[in-house]
Structures are given as structure tokens and as C-alpha cells.
Q: 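Dropping the structure in here first, questions after.
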Amino acid sequence: ARGGLRMPQVLAHLAQAAVSLQVMGASFSAQAVGNILNAYRKLEMMDDSLDDAMAEAALAIPPHNFDAQAISTIANALVNQASMASEELLDHLCLATAALPSTAW
């Protein structure tokens, strides 16, 4: 994406790979979910199947496995794509936030 270059075919392929991994039961870290979602938002590449897969991946992560950075990265992506901000996902992020130690912020 640097220099204004966008490679839609490559990005579409990478999105499909992430979706396939999630469908096959791969475990994503909270930070990975946030990084993937946020990168696609910054590139203004919206992909409903990727959004759904990453939301499912985030919901599979126990709240205590999130750190402040992952929560904020996912929240940033949600702000930029309100349609994927399901109540269930937002509730899960709230649980993750509540599970953080006070020193995490």
C-alpha cells in the first residue's frame, strides 16, 4: 500500500487465506485479528467474509488472552466498519477489557 499502490488481487487472496484458516479451525491471537482487520480498513478494502471470519476468531479467544493493544486495534477496525460491530463482539471486547489488570493501560 506504500506509495499509493494497492494490489487488490493479492489482498483478496490473503483475505481468502485468512478466512480458510479460520474455517479450518486455526487459532488466531487477539493481536493477529486486530492487525488483519485494521490493515484492511487502512487500505479501505472491505471484505464481509473476512470480517465474519475475524469476528468469529475474536470470539473464540478467551477474554483474558487479549491485551490493551489488541483490544484497541480491533476497536479501531470496528469504528471504521460499523457493520461488523455485532453486539456479541462488542460484549466480548468489554469482557476482555474488564479482564485486563489495572496496570495494562
Side-chain angles (χ1 to χ4, degrees):
R2 293 190 181 180
L5 294 176
R6 293 192 183 158
M7 299 177 281
Q9 291 174 326
V10 172
L11 293 171
H13 180 74
L14 290 173
Q16 187 55 48
V19 170
S20 295
L21 286 169
Q22 195 280 325
V23 168
M24 291 187 305
S27 295
F28 288 84
S29 70
Q31 192 65 48
V33 170
N35 288 345
I36 291 166
L37 289 174
N38 212 35
Y40 277 78
R41 295 303 168 268
K42 285 185 178 189
L43 294 170
E44 297 177 2
M45 299 286 297
M46 305 306 172
D47 185 311
D48 291 340
S49 62
L50 178 65
D51 291 346
D52 292 344
M54 291 299 98
E56 288 179 30
L59 290 168
I61 301 166
H64 65 272
N65 285 356
F66 284 79
D67 63 13
Q69 180 67 41
I71 294 167
S72 62
T73 303
I74 293 169
N76 185 60
L78 293 175
V79 166
N80 290 306
Q81 182 67 20
S83 65
M84 77 164 287
S86 71
E87 188 172 338
E88 184 180 16
L89 182 55
L90 293 173
D91 287 346
H92 195 69
L93 290 178
C94 286
L95 290 173
T97 302
L100 289 172
S102 61
T103 57
W105 298 95

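We count residues from 1, following the sequence as given.
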Q: Taking side-chain hydrogen bond (donor to acceptor under 3.5 Å, both in side chains) as the test, write out the residues that go with Ser49, two or more places apart.
A: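 Expected list: Asp47.
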Q: Would you kindly confirm whether Leu59 and Met54 end up in one hydrophobic cluster when ILVMFWY residues are joined by side chain heavy atoms under 4.5 Å apart?
A: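 In one cluster with Leu59: Met54, yes.
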Q: Which pair of heavy atoms, one from Arg41 and one from Met45, lies closest together, and at what distance?
A: NH1-O, 3.8 Å
Q: So, using side-chain hydrogen bond (donor to acceptor under 3.5 Å, both in side chains) as the criterion, who are the partners of Gln69 when residues are at least two apart?
A: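 By the side-chain hydrogen bond (donor to acceptor under 3.5 Å, both in side chains) rule, Gln69 matches Thr73.
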Q: Using residues 17-31 as the side-chain source, report each donor-acceptor pair under 3.5 Å to any protein atom, sequence neighbours left out, with the distance given to one decimal.
A:
from  : atom 1 : to    : atom 2 : distance (Å)
Ser20 : OG     : Gln16 : O      : 3.0
Ser20 : OG     : Gln16 : NE2    : 3.4
Ser29 : OG     : Ala32 : N      : 3.0
Gln31 : OE1    : Ala70 : N      : 3.4
Gln31 : NE2    : Asn35 : OD1    : 3.0

Q: Determine yes or no for a side-chain-to-main-chain donor-acceptor pair under 3.5 angstrom, with Tyr40 supplying the side chain and Leu50 the backbone.
A: no
Q: Only pairs at least two apart or in different chains count here, so list each ring-ring contact (aromatic ring centres under 6.0 Å, His included) that has a residue in residues 49-69.
A: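 Found Phe66-His92.
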Q: Would you mind reporting whether Leu14 and Ile36 have side-chain heavy atoms less than 4.5 Å apart?
A: no
Q: Taking side-chain contact (heavy atoms from CB on, under 4.5 Å) as the test, write out the residues that go with Ala104, two or more places apart.
A: Leu100, Pro101
Q: To the closest 0.5 Å, what do you measure between CG (Asp67) and OG (Ser72)?
A: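 Going from the CG atom of Asp67 to the OG atom of Ser72 covers 8.0 Å.
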Q: State, to 0.1 Å, how close Ala57 and Val33 come at their nearest heavy-atom pair, and which atoms those are.
A: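 Scanning both residues completely, I find the closest heavy atoms to be CB-CG2, 3.9 Å.
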Q: Any chain of hydrophobic side-chain contacts (each under 4.5 Å) joining Leu89 to Leu95?
A: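 The answer is no; the residues belong to distinct hydrophobic clusters.
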Q: Holding to side-chain hydrogen bond (donor to acceptor under 3.5 Å, both in side chains), I want the full list of residues that pass it with Asn76, two or more places apart in sequence or in another chain.
A: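 With neighbours one apart ignored, the set is Asn38.
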